[in-house]
Amino acid sequence: MFFRLYLYSIRQTTRQKLIMFWSLIFPVILGTLFRIAFGEFINEEVVFHQIPVAYVAEESASQIFAEMLKFLEEDNKLVKVIETDEANAQKLLKEEKVEGIYYNKASEIGDGGNISLTVTKDEMSQSILSSVLEQYQRVFHTMQNIGRKNPAGIKEAVQVMEQEYQYLKEGAISDTPQNAMTDYFYALIAMNCLMGVSMGMQIAVGFKANLSDLAARRVVSGTGQFGMMMPDLLAKITIQFLCTVFAVCYLMFALKIPLGDKFGFVLLTTLVGSIVGIFMGFFIGAVGTYRESLKEGICICSMMLSSFLAGLMVGNMYRFLENHVPIVNRINPASLIVKALYSLNIYEGYERYTQCMISLIVLAAVLGAGAFAMIRRERYASI
């Protein structure tokens, strides 16, 4: 009986073209539009490329900086050095074939050279080049001071700096490229999970005898409401979960959106998010005796508001709320889904991810229990 009702509910839901469009097709269309709009930015900022940089050195300039650039080019694959003269370097920079120009002029103070950097933009690549120069100057001046004051301590200082480098290298929080644009795709996945509000609302209406003929027949039948409700809920959760998984796979494998390598946890997040979406609609549908069209409008508004607060329409909305009204991010389901996905790719541990998942499960339990209680308490004088 249970399995037959489950399959019947799946067939019934998949034949509702409007619901299937919003849950299955619309996220794919919106994700494609996001990819077209942000495509160039993602390629330039999210996917890291070896940074081309011109290097202009005077004949008597020190070779220490040149050796460091060679190390960064051959071992770290951080930069791609083009050694040239000043005129050609300026031409390459103007044509945007290099991201910056390092000038190495002869210096009478020490043998580290007089190094400067010229850039025309203020973006990620230029910031990295500037950091390279700052690190070199800091290390060089530190070693110079140690050599003057305590020459015997140079070897120990070199070992300390090597340990610092290893610490910074191993302490990277994530190998997954991140930037503000990926937040929009996280919010899109969250919205897709919450698309189930319409399905959840239909479940509740299906047990409201004053709103549905089917509900009237169910009320007078000998079968308990819980026994008829559970197959319907599980069927709706299954469909919404599969629709969301399809959208996630499309984003990751077709559009090449960098959502991380923890695919199993991403699927778990979408499953819990789909459950929350279904129960949110189920709760809204169970409240009061309002007509179905009004409940549908409330469902759509709730889903869109939750997605807006998670940053789907306005970037950095989540961070703004975190700074000014953090309680919103603790109870907003879309924000919790976004934070869970974000935590998977940013943090090494699973503490923050687990907190988000527990919050989502508690939220789903509260909504489900409230909806069950309201439907079970209803009585009808006549049908």
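Small disclaimer: the values here were computed from a predicted structure and weren't measured.
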No-hydrogen, no-angle side-chain donor-acceptor test under 3.5 Å, Arg138 and Gln135: yes
Checking Asn104 against Tyr55: is there a side-chain donor and acceptor pair closer than 3.5 Å?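 Yes, a side-chain donor-acceptor pair sits under 3.5 Å.
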For [X] and [Y], which heavy atoms make the closest approach, and how far apart are they?
{"X": "Ala61", "Y": "Gln63", "result": "O-NE2, 3.5 Å"}
{"X": "Val276", "Y": "Leu367", "result": "O-CD1, 4.4 Å"}
{"X": "Pro27", "Y": "Trp22", "result": "CD-O, 3.2 Å"}
{"X": "Gly285", "Y": "Met201", "result": "CA-CG, 4.0 Å"}
{"X": "Leu188", "Y": "Gly31", "result": "CD2-CA, 3.5 Å"}
{"X": "Ser23", "Y": "Cys243", "result": "O-CB, 3.4 Å"}

Check whether any side-chain heavy atom of [X] sits under 4.5 Å from a side-chain heavy atom of [Y], and report yes or no.
{"X": "Val328", "Y": "Ser335", "answer": "no"}
{"X": "Thr238", "Y": "Tyr6", "answer": "yes"}
{"X": "Ser302", "Y": "Val197", "answer": "no"}
{"X": "Ile337", "Y": "Thr269", "answer": "yes"}
{"X": "Phe263", "Y": "Cys249", "answer": "yes"}
{"X": "Leu24", "Y": "Val28", "answer": "no"}
{"X": "Thr13", "Y": "Gln202", "answer": "no"}
{"X": "Pro52", "Y": "Glu99", "answer": "yes"}

Is the ring pair Phe26/Phe21 parallel, tilted or perpendicular, if the boundaries are 30 and 60 degrees? tilted
Are any side-chain N or O atoms of Arg352 and backbone N or O atoms of Ser343, one a donor and one an acceptor, separated by less than 3.5 Å?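 No: the side chain of Arg352 does not pair with the backbone of Ser343.
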Quick one: does Thr270's side chain have a donor or acceptor within less than 3.5 Å of a partner on Val245's backbone? no
Between Phe265 and Tyr350, is the ring centre distance below 6.0 Å? yes
What verdict does the side chain to side chain contact (heavy atoms under 4.5 Å, CB included) test give for Ile189 and Leu259, after you've listed the backbone C-alpha separation in whole Å, the side-chain angles of each residue and the deciding distance to 0.1 Å? CA-CA 11 Å; Ile189 295 173; Leu259 299 179; 3.8 Å; yes
Considering residues, nucleotides and ligands other than Phe372, do more than 12 of their heavy atoms fall under 6.0 Å from its CZ?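 Enclosed: over 12 neighbouring heavy atoms sit under 6.0 Å from CZ of Phe372.
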Do other residues, nucleotides or ligands put more than 12 heavy atoms under 6.0 Å from the CZ atom of Phe3?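 Incorrect, the count does not exceed 12.
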Just one of Ile51, Val98, Ile101, Thr118 clears the side chain to side chain contact (heavy atoms under 4.5 Å, CB included) bar with Leu129, so which one? Ile51
For residues Ile358 and Tyr353: do they belong to one hydrophobic cluster (side chain heavy atoms under 4.5 Å, members Ile, Leu, Val, Met, Phe, Trp, Tyr)?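 Each belongs to a different hydrophobic cluster.
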Salt-bridge contact Arg291-Glu296 (side-chain N to carboxylate O under 4.0 Å): no
